[in-house]
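Counting convention: from 1, in listed order, for ligands and their atoms alike.
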Amino acid sequence: MSLLITGGSGYIGSHTVVELFTVGQDVVVVDNLANSSTKSLERIEQITGKKPIFIEADICDKAAMENLFTSHDISAVIHFAGLKAVGESTQQPLSYYHNNVAGTVTLLEVMAKFNVKKLVFSSSATVYGDKNESPLVETMPTSATNPYGQTKLMVESILFDLAKSDPQWSIISLRYFNPIGAHKSGLIGENPNGIPNNLLPFVSQVAVGRLAALNVFGDDYDTVDGTGVRDYIHVVDLAKAHVQAVNALADLSGCTAINIGTGNGTSVLQIVDKFKEVSGADIPFNIRERRPGDIATVFAEAKLAQQLLGWQAELGLDEMISDTWRWQSNNPNGFE
Ligand code: NAD
Ligand code: UDP
């Protein structure tokens, strides 16, 4: 039996495949390569000695997905596939609703047809919206501030309804905080298209000389140094949370949302200082206006993951930044 990993050639998916191979789990990856390349799968083979079975297909393509379930014995699905750029989602909402919501519904229909009713879904801390105060707890009310966040909320609602309708479903929705870092081999890591939107890829491209200076979005928040605070989580810890979640599906029925964060907050300037220390590179920055939609502080209450998954983050900021730097300096142009 294999696990189906949608979006498995992307950033979090590729790290998760490595951890699944490490515990002896067979996988099938499906990806349409909209935001990744098969190079990451070759690198997985370099790290683990094993190459995942790869099917190039779109999760919205029902016939292709049925084909996949016919030709492979799938026990459960980890569903990463989706579009994830907040800004782009405000310009192309239909593309986000199509890929993230309609694509997930298609996947769930095919899973139901083939009686595969175990799922781990990639949700996000964005579902807590901008009204709750950190630490964010799974029981807090959810809301969305942009179409991307709305797609995560809509899919969570669909998953809760589905699990309620049929007790055979076992679903875990992992609400990721801010994944950063890379595998310690420096062979796989985050490889954004164009100018990065997220802090860490931007900082590392400044450090490596691809971008001139970081724009720090606001220094007048009510935080330790006025800059935004987030709960950064090492992508390898996050990948391990998926291994634990798949194991937990056997004992959990219904749909359960679980935060995956460290419970600690770090400011933008603390990230910049740590990156300078680790890389020895200069990181020039300019203070700019606050970014619309940003909030001052976001960090997780991380107890539920410990209780239900037996998981907690093990890697600290030093590893997150030094692994990001190793990946970026070994691969200044990503996988190209
Ligand atoms: P990524 O873009 O690196 O990986 C997503 C993968 O899905 C890509 O390889 C892409 O080609 C593929 N894909 C997209 N649409 C598809 C489709 N219709 N059919 C098949 N494949 C498709 O992103 P990531 O950072 O690895 O994120 C994985 C998941 O985690 C996403 O659902 C994202 O929304 C969620 N998430 C990410 C973050 C983050 O900061 N990286 C935070 C919270 C949640
Ligand atoms: N940020 C910044 N400059 C950038 C990108 C991000 O100052 O070029 C800040 C942003 O305002 C936030 C933090 O870094 O306080 C994390 O931003 P990111 O987009 O990585 O994650 P999110 O805000 O979605 O949690």
Tell me whether V216 has any N or O atom under 3.5 angstrom from an N or O of ligand 2.
no
Part of T227 within contact of ligand 2 (heavy atoms, under 4.0 Å)
neither
For ligand 2, which part of L199 has a heavy atom less than 4.0 Å away: the side chain, the backbone, both, or neither?
both
How far is [atom] from its nearest protein heavy atom, and which residue and atom name does that atom have?
atom	answer
atom 18 (P) of ligand 2	N198 ND2, 3.5 Å
atom 37 (C) of ligand 1	I12 CD1, 3.8 Å
atom 24 (P) of ligand 1	K84 NZ, 3.7 Å
atom 15 (N) of ligand 1	N99 OD1, 3.3 Å
atom 3 (N) of ligand 2	N215 O, 2.7 Å
atom 12 (C) of ligand 2	R230 NH2, 3.7 Å

Subset of ligand 2 atoms that lie under 4.0 Å from at least one heavy atom of [X]:
X	value
N178	21 (O), 22 (P), 25 (O)
L214	3 (N), 8 (O)
Y232	13 (C), 16 (C)
N197	5 (C), 19 (O)

For D222, is the CG atom crowded, meaning more than 12 foreign heavy atoms sit under 6.0 Å from it?
no
Can you tell me how the ring of F275 sits relative to the ring of W325, calling it parallel under 30°, perpendicular over 60° and tilted otherwise?
perpendicular
Between Y176 and F80, how do the two ring planes meet: parallel, tilted or perpendicular, split at 30° and 60°?
tilted
Dump the intermediate steps for salt bridge (Lys or Arg N to Asp or Glu O under 4.0 Å) on K39 and E42, then the final yes or no.
CA-CA 5 Å; K39 291 255 172 58; E42 291 164 21; over 6 Å; no
Answer with yes or no whether V298 contacts ligand 2, where contact means a heavy atom under 4.0 Å from a ligand atom.
no
Cation-pi check, R43 to F335: give yes when NZ or CZ is under 6.0 Å from the six-membered ring centre and within 45° of the ring axis, no otherwise.
no
Assess R290 against Y221: is NZ or CZ under 6.0 Å from the centre of the six-membered ring, and within 45 degrees of the ring's axis?
yes
Can you find a heavy atom in the side chain of E56 that is under 4.5 Å from one in the side chain of N32?
no
